[in-house]
Structure formats: C-alpha cells, structure tokens
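The structure appears below as structure tokens.
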Amino acid sequence: MLVSFIIAVAAVGAINTLLAILIMLADATIGNYGDCKLTINDAKELTVKGGKPLLSALKDEQIFIPSACGGRGSCGLCKLVIEDGGGDLLPTELPWLDADEQKSGVRLSCQVKVKRDMRLRIPEELFSVKQFSATVSAINDLTHDIKEVKIKLSEPAAIEFTAGQFIQLEVPPYELTDEPVYRAYSIASDPVKQDEIELEIRYVPNGICTTYVHKHLKEGDEVTFNGPYGDFHLQPTEAEIICIAGGSGMAPIKSILEEMARTGSKRKAVYFFGARSKRDLFLVERMQALEKELPQFKFIPALSEPQPEDNWDGETGLITEVVAKHVPDASGKEAYLCGSPLMIDACVKVLQEKGMSEDNIYYDKFA
Amino acid sequence: MPEISAFAVLFAAVFTNNILLTNYLGMCSFLVVSREVKTSAGLGGAVIFVMTATSAINWIVYYKLLIPLQLEYLRFIVFIVVIAAFVQLVEMIIERVSETLYAALGIFLPLITVNCAILGISLFMVIREYSFLQSLGFGLGGGIGWALAILAMAGIRQRLASRSRIPRGLEGAGITLIIAGTMALAFMGFNGMVNLQ
C-alpha cells in the first residue's frame with residue numbers, strides 16, 4: 001500500500017518536474033526578449049528588459065503614464081505615440097483608438113509589450129508625475145459605502161496639481177492580489193493644500209483597491225501613490241458652469257468648487273448631485289457652506305429613490321430629469337461631469353438636447 | 001489494438017469521426033472564436049499542435065510509465081498536466097510570432113488547456129487501445145478535424161454576417177449552434193467510409 005502510494009507520487013512528481021524543466025527552457029529561449037532600448041522623444045534613452053507591457057516597463061523607470069484601470073485595457077487612458085517598434089495594432093486596443101490616432105501611431109501602452117527597440121513620444125508634462133510616499137492621517141465615513149481618506153505627504157512633501165486631477169493609489173499585495181496594483185482616484189481637496197490630499201473612495205464588493213481601503217487601511221498606515229494625472233479641470237472662461245456628479249464623482253467637483261471659493265470666483269455655477277436615498281448623500285453641509293461663500297453658486301442634490309424615513313423635500317428623480325427641469329437652455333454654458341459611464345452618457349445626451357455643444361462638455365468617467 | 005492503418009485513423013478523425021461534430025467536444029472556443037477566419041485559423045493551428053504533441057506524449061506516458069507502474073487511475077491528472085504544459089509552450093510561441101493573433105485569441109489560448117476535445121482525444125486513444133502510430137494519426141487527425149470545423153464555421157459566419165438577416169433572437173450563439181448541427185449532418189455523409197468504434 002505504502003509502496004504504491006510512493007510510486008504514484010514519485011511518478012507524477014517526475015512527470016511534473018520534466019514538464020517544468022521544459023517550460024523553463026522555453027521561457028529562457030522563446031520567452032526571452034533580451035534587453036530593449038527605448039528612445040523617448042529622441043532625447044532620452046533607456047534600457048529595459050523585454051517581455052513586459054510598455055506601461056509597467058516605463059513605470060519601473062519612474063515614468064508614470066496615466067492609467068485608471070491598472071493595465072487591463074479597460075480605461076483607454078495610457079495612450080502614447082510609438083513611432084517605431086510597437087508591432088501591429090492589437091484587437092484589444094482598437095476600441096480606444098479612432099482612425100486618426102491609428103494613423104499617427106497612438107497605442108495603448110498597457111497592451112503593447114516591449115519586444116524590440118522602440119521609439120516613443122511621451123508628453124513632457126508626464127515627466128512631472130512623481131511617486132509619493134505618504135501616511136494616512138484620517139479615515140472618515142462619508143456614507144455607508146464611501147470613505148474619505150486623508151493622506152499626508154512625506155516624500156516628496158508637496159504635490160502640485162490642478163483641481164479635478166487624479167492620482168493613482170498603490171495597493172500592496174494582500175489577500176486579493178499577489179502583486180501591487182494601482183487604481184485612480186480624484187483628489188477632492190483644494191490644490192492650495194499641497195501637503196495633504198483627500199480622496200473619496202466608494203466600496204465596490206471584491207474591488208481590489210476599495211476592499212483594501214475599506215477593510216484594511218488604518219490611520220497611520222504608509223501608502224504610496226503617483227500622480228497627478230488628467231486633463232479634467234475648469235476651463236479659464238467666464239461661461240456659466242453646470243456640474244453633475246454621482247457617488248464618489250463628488251471628489252473632483254469638490255476640488256474645483258473649493259478652489260473657486262478660495263479665489264472668490266464670480267462665475268455662475270450650479271451643481272447637481274445624484275444619490276439613491278438620503279444615506280447615499282454626503283458633504284451636504286460643506287456644499288451649503290460653499291453656497292454662502294460663492295454668491296453665484298447653487299447646490300441641488302437629488303434622490304432617485306427617497307425612503308419614507310428620509311423626510312426628503314428636495315428634488316427627486318433621476319439626475320437627468322432633474323437637470324432637464326432646472327436647465328431650460330444650456331447653450332453657451334460649460335458642463336463638468338463626473339461619475340459612472342452610464343450616468344455621464346445619459347447626461348451628455350440631455351445637455352445636448354438642451355443646446356449645449358459637445359465641445360463644452362468636460363467629463364471624467366469612472367471606468 | 002484495432003486492425004486499421006494509422007492513416008485511416010487520421011482520415012476517420014478528420015471526417016467520419018470529427019471530434020467536434022460527432023462528439024460535440026471542444027464547443028466553447030468553437031462557438032466564440034469562430035467569428036473570423038483569421039483567428040480561427042490561428043486557434044485551429046494551435047489545437048492541431050497541442051493535440052498531436054499531447055496524444056504522442058500521453059501515449060508514451062500511459063504505456064511506458066503508468067501501465068508498468070499500475071497507475072492507470074492517474075491518467076486524468078497526468079494527461080491534463082501534459083496538456084497544460086504544452087499549451088503554455090504554444091502560448092509562448094504564438095506571443096513571440098504574432099502579437100496580433102495572441103491578443104485576438106485572448107483567454108481562449110490558455111483555455112485550450114481545458115478544451116475537452118484535447119483531453120477527449122487522449123482518453124479515446126487509451127480506451128480504443130490504439131498503437132503509437134495510430135494515436136499519432138488520431139491526434140493529428142483530431143486536430144485537423146477540429147481546425148477544419150472551426151474554419152468552415154468561421155467562413156460561414158463571416159458570410160452570414162455580411163449578407164443575411166438573422167432573426168434577432170438567434171444572433172450569436174443561437175445561429176452558430178444551428179449551423180454546427182447542420183454541419184454535423186453534412187459530415188454524416190462521410191459515414192461508412194471508415195469506421196472507428
């Protein structure tokens with residue numbers, strides 16, 4: 001009995017070892033792309049080990065390309081121009097690239113792997129993106145599923161950003177992930193505060209980063225993030241502003257409003273915030289305070305499913321209906337939207353119906 | 001050992017006993033990847049390679065190792081491990097040779113590991129007590145048969161997509177299954193030429 005047991009284990013073990021050796025040999029030959037040279041903007045040269053996605057190869061070299069999804073190819077943010085050495089366009093990139101981009105060599109850096117020498121174009125401003133180490137200074141519950149996380153910077157000690165931009169928070173390996181992952185979160189605080197940032201993070205069941213933040217992160221913990229990224233910011237015009245947000249989409253809009261209040265902006269602004277019921281509503285007092293600080297600003301929260309115990313006498317209905325009701329004519333105004341892709345698409349449609357041109361609608365999709 | 005030449009086994013595995021159309025094995029990737037001829041050809045090629053290589057190796061492992069050691073009952077585990085290793089190999093090769101194909105096949109490439117047609121070939125070969133050469137013919141034929149079926153399906157679907165109006169409820173998997181059934185009927189025409197069990 002024991003002998004046959006040992007023979008069985010030995011036989012399976014031997015077969016597995018042989019196959020493992022075969023795969024290791026293949027990895028060292030077929031899977032080995034050697035060192036590749038990356039030439040960036042014809043000026044900078046880097047040597048990296050081949051085989052990795054370009055996005056992570058660049059990150060290892062301290063060049064941070066914005067990416068909200070962490071390299072899964074689902075956000076389309078990590079675009080850059082590969083002039084040479086990128087290989088053929090991949091089917092996973094096609095949904096994100098229009099005809100012009102395809103022609104001019106724009107690629108998704110998370111999908112393209114470094115397999116040979118490459119020549120790249122990276123916008124200069126991305127070189128100002130840095131990696132920050134920091135400490136969690138406070139975690140507050142905003143609603144039952146949204147937490148406000150305050151992060152105090154230690155090295156470098158200050159971050160320069162424009163209101164509306166986002167950072168990428170690093171999640172170290174824990175139960176749900178074997179390797180560090182990065183997720184994008186908008187900064188909710190006023191850019192004048194450079195030594196501490198605020199994030200608003202909503203819990204997504206089984207979300208790698210949100211679970212980490214909601215169930216594991218504590219005050220005093222060390223965190224790492226990089227940024228700032230993004231071109232979602234207030235346009236320097238005098239046009240009337242319509243902000244629309246839902247859930248943690250509050251963050252970048254809050255940052256923009258805080259800055260407007262500090263600089264004493266006289267622009268007319270209205271902010272529609274959509275929530276399901278009263279327990280999903282947050283920072284209402286802060287917004288009402290902003291209404292006092294900004295004479296031309298109005299905050300309109302709307303509940304889509306107010307509960308009887310909410311005693312809600314404000315706006316009800318889908319955010320699109322509330323926007324349509326309050327904005328009879330949207331032409332000549334600017335809109336800033338932040339939230340889920342579904343909400344944004346619906347709002348863009350309503351605003352266009354009300355006469356707003358697409359060029360004046362700015363948004364940050366939480367994909 | 002059945003008295004039948006290796007070539008006849010190969011022929012039978014392609015036409016009369018097509019693993020996909022008579023046993024309905026390996027359906028999942030057949031239904032999903034058969035949208036375009038190009039990717040189908042890529043996956044077909046990968047399946048041919050994996051099936052041929054694994055049927056040969058599994059034959060050796062089974063008759064030279066498992067039988068002498070009386071470990072036949074381990075064949076499921078061992079066959080799957082061999083298949084998994086070969087799929088890994090194919091993945092590396094395809095990634096090196098054609099990134100486009102690699103990205104187009106996506107998850108279905110590693111999923112060849114659990115493509116039941118491949119394990120099916122190895123198990124049939126053991127059950128039917130094929131010789132080494134017959135097994136090789138069976139593996140190669142099974143792979144070619146699977147590739148042929150997915151290529152034919154991709155060709156039909158490409159034409160269908162450009163020329164015909166499919167009732168809404170049948171789009172996608174529905175019409176594909178109907179076509180697969182019709183193809184299986186057509187392949188029945190080969191019956192009687194050679195017969196495997």
Side-chain angles (χ1 to χ4, degrees), chain A residues 1-34 36 50-54 71-74 82 85-97 102 107-116 118, chain B residues 32-33 35-36 38-40 42-43 49-50 53-54 56-110 113 122:
Chain A
M1 185 61 212
L2 186 66
V3 176
S4 62
F5 174 73
I6 293 172
I7 291 176
V9 173
V12 174
I15 292 170
N16 290 357
T17 318
L18 272 176
L19 291 171
I21 291 172
L22 180 74
I23 288 178
M24 278 164 64
L25 283 177
D27 195 36
T29 51
I30 306 170
N32 184 359
Y33 297 92
C36 302
K52 268 197 273 188
L54 183 57
R72 289 176 302 171
S74 65
I82 300 180
D88 291 335
L89 211 55
L90 306 175
T92 39
E93 299 175 82
L94 285 177
W96 307 105
L97 304 174
Q102 291 179 20
R107 305 288 300 268
L108 287 194
S109 60
C110 69
Q111 299 298 309
V112 178
K113 288 195 177 162
V114 183
K115 291 186 171 173
R116 51 196 90 78
M118 285 177 158
Chain B
V32 181
V33 182
R35 219 165 280 140
E36 275 175 52
K38 221 174 132 199
T39 43
S40 303
L43 190 65
F49 176 76
V50 176
T54 55
I57 292 177
N58 282 341
W59 191 93
I60 297 171
V61 170
Y62 187 74
Y63 287 103
K64 302 297 167 194
L65 191 74
L66 297 186
I67 294 245
L69 295 174
Q70 294 178 322
L71 294 174
E72 296 95 321
Y73 63 91
L74 283 178
R75 62 176 182 268
F76 282 85
I77 299 176
V78 173
F79 286 177
I80 277 289
V81 170
V82 170
I83 291 168
F86 264 84
V87 170
Q88 192 82 41
L89 214 59
V90 173
E91 236 190 296
M92 286 186 210
I93 295 172
I94 293 188
E95 199 188 348
R96 178 106 207 183
V97 178
S98 165
E99 270 168 277
T100 326
L101 180 63
Y102 183 76
L105 293 178
I107 187 65
F108 286 96
L109 192 50
T113 314
S122 285

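Order of the sequence lines sets the chain letters (A, B, ...), proteins ahead of strands, with each chain counted from 1. Values in this document were obtained by computation on a predicted structure and should not be read as measured data.
- Using a 4.5 Å cut-off between heavy atoms, B:V82 touches chain A through backbone and side chain atoms alike.
- Both the backbone and the side chain of B:E99 come within contact range of chain A, with heavy atoms under 4.5 Å apart.
- When heavy atoms are compared at a cutoff of 4.5 Å, B:V81 approaches chain A by way of both its backbone and its side chain.
- Neither the backbone nor the side chain of A:L18 comes within contact range of chain B; no heavy atoms are under 4.5 Å apart.
- Around atom OH of B:Y73, more than 12 heavy atoms belonging to other residues, nucleotides or ligands sit under 6.0 Å away.
- Note that the CG atom of A:L19 and the CZ atom of B:F86 stand 7.5 Å from one another [nearest 0.5 Å].
- Atom CG of B:L74 is separated from atom CD1 of A:I7 by 11.5 Å, given to the nearest 0.5 angstrom.
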Which pairs would a plain distance check flag for residues 20-34 of chain A, meaning a side-chain donor or acceptor within less than 3.5 Å of a matching protein atom at least two apart in sequence or in another chain?
unit_1: A:T29; atom_1: OG1; unit_2: A:L25; atom_2: O; d: 2.9
unit_1: A:T29; atom_1: OG1; unit_2: A:A26; atom_2: O; d: 3.2
unit_1: A:N32; atom_1: OD1; unit_2: A:G34; atom_2: N; d: 2.9
unit_1: A:N32; atom_1: ND2; unit_2: A:A28; atom_2: O; d: 3.4

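- Minimum heavy-atom separation, A:L89 to B:T100: O-CG2, 3.7 Å.
- Other residues, nucleotides and ligands contribute at most 12 non-hydrogen atoms within 6.0 Å of the CZ atom of B:R35.
- For chain A, the nearby parts of B:I93 are the backbone and the side chain; heavy atoms of each come within less than 4.5 Å.
- Note: A:A8 leads A:S4, A:A14, A:A8 in heavy-atom pairs under 4.5 Å with chain B.
- Within 6.0 Å of the CD atom in B:E72, the count of heavy atoms belonging to other residues, nucleotides or ligands exceeds 12.
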